[in-house]
Amino acid sequence: MKVLFISNDPTIFDATSAARARMRAYATLVEELHILSPARLGAVEEQERNLYLHPVHVWKIFRVRALTKRAHALILQYNIEVVSAQDPFEHGLAALRAVRGTNAKLHIQVHTDFLSPWFVRSGNWRSPKVAMPFLNRYRRRIADEVLPQAAGIRVVSERIKMSLIERYGARIPEPSVIPVLVDTNVPEPVRLPPHPSFTFALITVGRLEPEKRIEDILSALKLVSAHYPMVGLFIVGEGSERRKLERMVRSLGLKEKVIFLGNRPDARGLMASAHAFIQASAYEGYGRTLVEAALAKVPIITTDVGIVGEVFKGYEDVLSVPVADPTALSLSIVGFIEDNAVRQTLPPHAEETARTHLASVGDIPARIIADLARVI
């Protein structure tokens, strides 16, 4: 089988990256695997045995056109049998246009819960306003065009599958639920940087983008710190929201309570040294970081997104709260501070749940390739 992935991960062109390692694993299961992706300047065409990497250097406003043209040419040049797009939005639209007039089948991957109301919603009266990208409304319309024309669809959670079935019904093939690959090897704990202004350390890990709603965590910390000054927060990750979040920290008077660590390759080790992991995402497709936090045996506070409810149960494995509710987040933080028994009881349950879940999903690369083969 000859497969073309249309991706949006420039790290694939880094030979040492985790993304390249995943592509190598997929390539061992097919005749040829081609990866087409926007790339940083300097990335060039590469071939590792039967793995072919095709970079595209183009501005975002011309990306769909450039990906469509290049993908169509690759389909014809290499007799590609199936094209799998990373999302049903811009990359899905490029894949749909590229397969027209060829024998290649269209396969779409859905990693984002784009039918969540929070995909376009900025907040409510209980929470800070967080401007979601205007493109998200347009992306839903693109998905409405792309998904009904796909020969196969892979989603990463039952939550997404049910939302697609509710919206599209029999107009789409039944989605296959294949979770995200998570490394079960747990790194050694890494000591957190010095934090003399607080002794109870929360940690959040992820991209600093609007959908992560870090603002809600800061608002919750402000509510808690008035009565529990020993609480502070480490923020691991980078993104477009960083400067806004730094301004919010200053305006809330939390400068001594919040430490930005940027991107850290040892994020999983840092999690293991915190007193609790906290996540306030508006939506998640899966929730890899939740699984990593569970494997690190750290108590978890999370919004009801991704695989919460499907894998992790509220008040059995994690403390789960509604989206955009800083007060509920603050109460969960206080719960972990005041109730040591809960803080000690939940992590072993969450770790066991995570390991049972990961053992049940099987060989994910093999399942993904089988899902691609099924559409031919």
- Distance-only, no hydrogens or angles: does the N50 side chain make a donor-acceptor pair with backbone N or O of E31 under 3.5 Å?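 Yes; judged by distance alone, with no hydrogens or angles, the pair exists.
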
- Message: If we ignore hydrogens and angles and just use 3.5 Å, is the side chain of R20 paired with the main-chain N or O of I12 as donor and acceptor?
- Response: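 Yes, R20 side chain to I12 backbone: donor-acceptor pair under 3.5 Å.
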
Without placing hydrogens or testing angles, list every side-chain donor-acceptor pair under 3.5 Å for residues 70-81, not counting sequence neighbours.
unit_1: R70; atom_1: NH2; unit_2: E45; atom_2: OE2; d: 2.9
unit_1: H72; atom_1: ND1; unit_2: A98; atom_2: O; d: 2.8
unit_1: E81; atom_1: OE2; unit_2: K2; atom_2: N; d: 2.7

Restricting to side chain to side chain contact (heavy atoms under 4.5 Å, CB included), what partner residues turn up for [X], sequence neighbours left out?
{"X": "V342", "value": "F336, D339, L346"}
{"X": "A282", "value": "W118, R213, V323"}
{"X": "A293", "value": "M271, F277, V298, I300"}

- Walk me through it: do E284 and R159 pass the test salt bridge (Lys or Arg N to Asp or Glu O under 4.0 Å)? CA-CA 10 Å; E284 291 281 349; R159 185 189 294 259; over 6 Å; no

- Message: For K222, give me all partners under side chain to side chain donor-acceptor pair (under 3.5 Å), at least two apart in sequence or on another chain.
- Response: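 Partners of K222 under the side chain to side chain donor-acceptor pair (under 3.5 Å) test: none.
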
- Message: Taking side chain to side chain donor-acceptor pair (under 3.5 Å) as the definition, give me every residue that meets it alongside T353, ordered by chain and number, with sequence neighbours left out.
- Response: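 For T353 the side chain to side chain donor-acceptor pair (under 3.5 Å) partners, ignoring immediate neighbours, are D317.
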
- Task: Please confirm whether F234 and H195 have ring centers closer than 6.0 angstrom.
- Result: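 Yes, close enough.
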
- Any side-chain donor paired with an acceptor under 3.5 Å for S127 and N124?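 Per modelled atom types, S127 and N124 side chains form a pair under 3.5 Å.
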
- Query: So among I235, L270, V236, N263, which one has a side-chain contact (heavy atoms from CB on, under 4.5 Å) with V205?
  - Reply: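 That would be V236; it is the only one of I235, L270, V236, N263 passing the side-chain contact (heavy atoms from CB on, under 4.5 Å) with V205.
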
- Determine, for E238 against R207, whether the closest basic-nitrogen to carboxylate-oxygen distance falls under 4.0 angstrom.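 No, E238 and R207 are not salt-bridged.
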
